[in-house]
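Beneath this line is the structure, given in structure tokens, with notes to follow.
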Protein chains: 2
Amino acid sequence: MLKVVRKDGGGEVHAMSDSMTNGDAPPGAATDIGSEEAAPKVKRGTGRRLHGAIAHKLGAAIVSGEYRPGDTLSGEVAFSEALDVSRSAYREAVQVLSAKGLVESRPKTGTRVLPRHRWNLLDPDVLAWAFSGEPDIQFVRSLFELRSIVEPAAARLAAERRDKADLKEMRDALGAMRRHTLATDAGRAADRDFHNAVLAATRNDALVVLTASIGAAVAWTTQFKQRSRALPRNPVPDHVKVYDAIAAGDVEGAGEAMRLLVDLALEDTRSAMKG
Amino acid sequence: MLKVVRKDGGGEVHAMSDSMTNGDAPPGAATDIGSEEAAPKVKRGTGRRLHGAIAHKLGAAIVSGEYRPGDTLSGEVAFSEALDVSRSAYREAVQVLSAKGLVESRPKTGTRVLPRHRWNLLDPDVLAWAFSGEPDIQFVRSLFELRSIVEPAAARLAAERRDKADLKEMRDALGAMRRHTLATDAGRAADRDFHNAVLAATRNDALVVLTASIGAAVAWTTQFKQRSRALPRNPVPDHVKVYDAIAAGDVEGAGEAMRLLVDLALEDTRSAMKG
DNA sequence: CAAACTAATATGTCGGAGTAATATAAAGGA
DNA sequence: TCCTTTATATTACTCCGACATATTAGTTTG
């Protein structure tokens with residue numbers, strides 16, 4: 001982890017290893033003789049690239065509030081040396097964060113964390129970073145609220161525009177949900193497939209992308225929910241009601257059924273988070 | 001632009017020079033007889049960085065369909081040389097595109113354009129790129145449809161949760177809209193301010209971010225609309241109705257008034273696009 | 001006191017060298 | 001014949017060191 005030091009006004013985030021708490025020691029200084037540096041090596045999974053790992057690390061630190069808006073990261077050279085990576089890799093990571101609106105880099109000024117309203121909170125990666133730690137309850141509430149707005153409307157559109165192929169997709173997903181439960185990966189995948197099928201039936205790309213992002217985030221909370229206790233309620237009947245209404249072309253019924261489904265999911269997650 | 005050559009199966013995009021449409025060719029190198037590389041120098045505005053300009057160029061080419069999903073860009077060295085920039089700048093640009101889900105880079109395979117459903121269509125930059133050329137009518141329709149779903153719901157929430165400060169913001173924006181018209185930049189800014197004030201009153205960050213993206217895109221279409229002809233209708237009264245309902249705490253009325261507002265805007269844009 | 005100029009500093013850009021990963025082709029075994 | 005394993009070539013990935021550029025802060029000058 002990286003120590004945070006804030007100056008008056010615009011703070012500055014100094015990148016240094018936790019072990020060296022003295023504030024002025026240059027990271028590369030030969031203070032320790034053996035290669036004893038507890039170098040905060042940025043490890044990456046097999047598939048992930050180095051700059052991706054750095055972006056994940058920094059992004060998670062930013063969305064979790066460890067680096068606060070207005071803070072400026074210490075210079076490229078210092079930070080990259082502290083992370084024990086090349087300047088190129090660090091820069092590419094910063095470009096990613098900049099692309100997602102988390103930071104802004106300018107000459108002389110340095111790289112500073114942007115205010116929260118500039119963040120692309122609906123970006124899948126940003127959501128993943130937000131949920132990699134302890135997600136902000138208020139933000140989770142916002143997400144569910146948005147979902148409760150969008151998904152019923154999507155169900156209404158789907159009831160208008162679905163064709164036979166769409167209905168088959170939903171039936172297949174429903175069958176998979178019945179076979180596996182929500183406690184398994186396959187079951188959760190089937191749940192996502194069902195919702196994706198509904199979205200696809202709306203013929204609205206913007207809706208598809210948006211709900212894909214939200215759905216991914218909600219999946220995290222669902223998994224979180226499962227961690228705490230077994231799900232007491234069988235979710236399949238509620239899904240079937242949605243399917244029936246969409247298949248029948250019942251616009252109002254589809255919207256209402258989906259609204260019920262989302263509300264119940266919210267209720268489950270809310271109670272699980274309190275416990 | 002860069003010429004596109006597709007092989008059988010997975011196509012490949014070769015980066016090669018052609019006559020740039022923007023007249024920024026250096027006078028000295030204008031007529032290069034021998035080496036006829038009319039180097040497609042990527043020029044950037046004052047504030048924009050080089051890799052940002054490259055990202056804009058490539059991103060616009062991708063979302064406009066010039067590079068199609070499945071195509072693989074020619075290698076880093078070839079492409080960066082064709083663009084007459086360093087590999088670092090090119091790579092950082094690709095990282096940006098990768099962060100937005102437009103491309104994916106893997107060793108041996110190269111960087112290839114991802115299928116459309118992987119794109120972050122709600123990313124502000126991606127939207128800007130999409131609207132920098134001729135926007136897809138179908139996608140614009142999707143965007144308006146999403147807006148017609150989200151904004152009325154936002155108005156309902158705002159009617160529940162607004163406080164005096166929110167109402168003051170809306171009144172100020174309304175006043176600015178009255179003073180300037182929608183034909184001026186200031187007027188359009190006031191329009192955005194009003195909608196942003198409504199969004200802020202919902203106390204929902206996800207809603208704010210989402211509608212900020214959509215609003216920016218819609219602003220482009222509004223400008224496009226203005227280009228074709230003068231707006232025949234005065235938009236202020238409709239906005240006032242929304243404000244009155246929100247101020248009165250009339251949830252249903254606010255949603256209905258906003259729905260009317262969005263529908264009218266859609267109607268205007270639709271007729272303007274046909275003409 | 002204000003405007004213009006100078007200097008310091010951090011990001012931006014560059015080109016090259018070497019490493020790691022992976023798809024394709026080749027070789028081997030069932 | 002088909003599948004598995006190995007080898008190889010191509011490509012992105014990472015690192016490095018240098019220079020260019022932009023922006024701020026301080027200094028000088030009117």
Side-chain angles (χ1 to χ4, degrees), chain A residues 7 9-10 12-15 26-28 39 41-58 71-99 103-114, chain B residues 7-10 12-15 39 41-58 70-99 102-114:
Chain A
K7 292 179 180 175
E12 177 167 349
V13 176
H14 286 284
K41 289 268 204 317
V42 178
K43 281 302 175 192
R44 58 181 191 272
T46 53
R48 230 151 71 197
R49 310 296 187 230
L50 181 55
H51 57 258
I54 301 170
H56 177 91
K57 183 186 182 68
L58 293 181
D71 292 348
T72 80
L73 280 58
S74 52
E76 286 182 347
V77 277
F79 219 138
S80 58
E81 281 179 3
L83 264 56
D84 198 48
V85 299
S86 74
R87 206 161 82 99
S88 311
Y90 173 77
R91 274 186 58 81
E92 289 180 5
V94 169
Q95 294 302 330
V96 172
L97 298 182
S98 175
V103 302
E104 188 181 48
S105 292
R106 299 173 60 187
K108 180 69 178 181
T109 312
T111 302
R112 61 179 50 191
V113 179
L114 288 174
Chain B
K7 291 178 180 175
D8 54 325
E12 177 167 352
V13 176
H14 286 283
K41 292 266 208 305
V42 179
K43 275 304 173 189
R44 58 184 193 270
T46 53
R48 230 148 80 204
R49 309 296 186 234
L50 182 55
H51 56 259
I54 300 170
H56 176 92
K57 183 187 183 66
L58 294 181
D71 293 348
T72 80
L73 280 58
S74 50
E76 284 182 353
V77 278
F79 219 139
S80 58
E81 281 178 3
L83 263 57
D84 197 47
V85 299
S86 72
R87 291 228 312 286
S88 310
Y90 172 77
R91 274 189 58 80
E92 288 180 3
V94 169
Q95 293 301 330
V96 172
L97 298 182
S98 176
L102 264 58
V103 301
E104 189 180 48
S105 292
R106 300 173 61 184
K108 178 69 178 179
T109 313
T111 85
R112 59 179 49 190
V113 179
L114 288 173

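Treat the numbers as computed from the prediction; the structure is a model and nothing was measured.
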Protein-nucleotide distance ([X], atom [atom1]; [N], atom [atom2]), rounded to Å:
X        : N      : atom1 : atom2 : result
B:Glu76  : C:dT19 : CD    : C1'   : 14 Å
B:Phe79  : D:dT11 : CZ    : C1'   : 16 Å
B:Glu81  : D:dA12 : CD    : C1'   : 16 Å
B:Arg112 : D:dT10 : CZ    : P     : 18 Å
B:Lys108 : D:dA9  : NZ    : C1'   : 5 Å
A:Arg48  : C:dA21 : CZ    : C1'   : 17 Å
B:Gln95  : C:dG12 : CD    : C1'   : 16 Å
B:Ile54  : C:dT13 : CD1   : P     : 8 Å

ask   = Of the nucleotides D:dC13, C:dC14, C:dT11, which one has an atom closest to the side chain of A:Arg49?
value = D:dC13
ask   = Of the candidate nucleotides D:dT14, C:dA21, C:dC14, which contains the atom at the shortest distance from the side chain of B:Leu50?
value = C:dC14
Taking OP1 and OP2 of [N], is either one under 4.0 Å from a side-chain nitrogen or oxygen of [X]?
X        : N      : value
A:His51  : D:dT14 : yes
A:Arg106 : D:dT24 : yes
B:Ser86  : C:dC14 : yes
B:Arg91  : D:dC13 : yes

inquiry  = Between A:Thr109 and A:Tyr90, which residue's closest nucleotide on DNA chain D lies nearer the 5′ terminus?
reply    = A:Tyr90
key: Side chain A:Ser88 and base D:dC13 donor-acceptor under 3.5 Å   = no
Drop me the distance from [X]'s [atom1] to [Y]'s [atom2], to the nearest 0.5 angstrom.
X       : Y        : atom1 : atom2 : answer
A:Arg49 : B:Gln95  : CZ    : CD    : 10.0 Å
B:Leu73 : B:Thr111 : CG    : OG1   : 4.0 Å
A:Lys57 : A:Leu97  : NZ    : CG    : 13.0 Å

task = Looking at every strand, decide which applies to A:Arg87 at a 4.0 Å heavy-atom threshold: base, sugar-phosphate, or nothing.
result = base
request  = Could you check if a side-chain atom of B:Arg87 sits within less than 4.5 angstrom of a side-chain atom of A:Ser88, using non-hydrogen atoms only?
outcome  = no
Non-hydrogen side-chain atoms of B:Tyr90 and B:Leu58 separated by less than 4.5 Å = yes
